[in-house]
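Before any comments, here is the structure.
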Amino acid sequence: MPDLLRTGTDWLAEMLKEHASRPVAYRRGADEVTVQATIGRTLLKLDDGYGGVRMEWTDRDFLIHAADLVLDGEPSLPERGDLIRETQGTRTFVYEVMAPGKEPPWRWSDVFRKVLRIHTKQIGVEGP
């Protein structure tokens with residue numbers, strides 16, 4: 001019997017990639033790969049240092065198929081400090097992989113570990 005949850009999750013991931021994504025350049029050092037990314041944001045619950053919680057949005061999340069993130073010929077996972085460049089018209093927005101506080105810079109977006117949700121902060125804009 002087929003695993004209907006996995007089949008549905010795989011289908012949804014493919015539909016997002018095909019119909020709701022855009023190309024972005026993912027860079028680590030001198031290695032760069034162009035991948036399709038769906039854009040999102042995450043509301044993080046962070047320790048405020050006083051026993052409470054503060055809420056903070058990520059600037060931008062990029063949902064990328066894990067199988068597409070291949071750097072220097074090797075499958076890779078995101079690392080804090082990697083860069084993602086997203087071009088819109090004549091401008092290129094530059095994001096650094098990071099998350100506030102002690103949060104990890106990425107998470108799996110699905111239970112089957114097919115799609116990465118990469119948290120970023122915008123660090124620059126190039127172009128007019």
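FYI, the numbering just counts along the sequence from 1.
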| Any donor-acceptor pair under 3.5 Å linking the side chain of Arg117 with the backbone of Phe62? | no
| Ion pair check, Glu79 and Arg28, cut-off under 4.0 Å | yes
| field | Note: Glu96-Arg27 ion pair, threshold 4.0 Å (strictly below) | value | no
| request: Is it possible for you to say whether Ile39 and Trp108 belong to one hydrophobic cluster, with membership spreading through side-chain heavy-atom contacts below 4.5 Å? | output: yes
| field | Heavy-atom check, side chain of His19 versus side chain of Glu14, under 4.5 Å | value | no
All N/O donor-acceptor pairs, side-chain side in residues 65-76, below 3.5 Å, sequence neighbours left out:
from	atom 1	to	atom 2	distance (Å)
His65	NE2	Ala13	O	3.2
Asp68	OD1	Lys17	NZ	3.4
Asp68	OD2	Lys17	NZ	2.7
Ser76	OG	Glu74	O	3.1

| task | Establish, from distance only, whether the side-chain atoms of His119 and Arg107 form a donor-acceptor pair under 3.5 Å. | result | yes
| request: Identify whether the distance between the nearest side-chain nitrogen and carboxylate oxygen of Arg85 and Glu32 falls below 4.0 Å. | output: no
| field | Donor-acceptor pair, side chain of Thr38 and main chain of Ala20, under 3.5 angstrom | value | yes
| query | Do we see a donor-acceptor contact under 3.5 Å between the side chains of Asp59 and Tyr95? | reply | no
| Is any side-chain heavy atom of Phe112 closer than 4.5 Å to a side-chain heavy atom of Asp3? | yes
| message | side chain to side chain donor-acceptor pair (under 3.5 Å) for Thr92 and Thr87? Distances and angles first, verdict last. | response | CA-CA 4 Å; Thr92 298; Thr87 300; 3.0 Å; yes
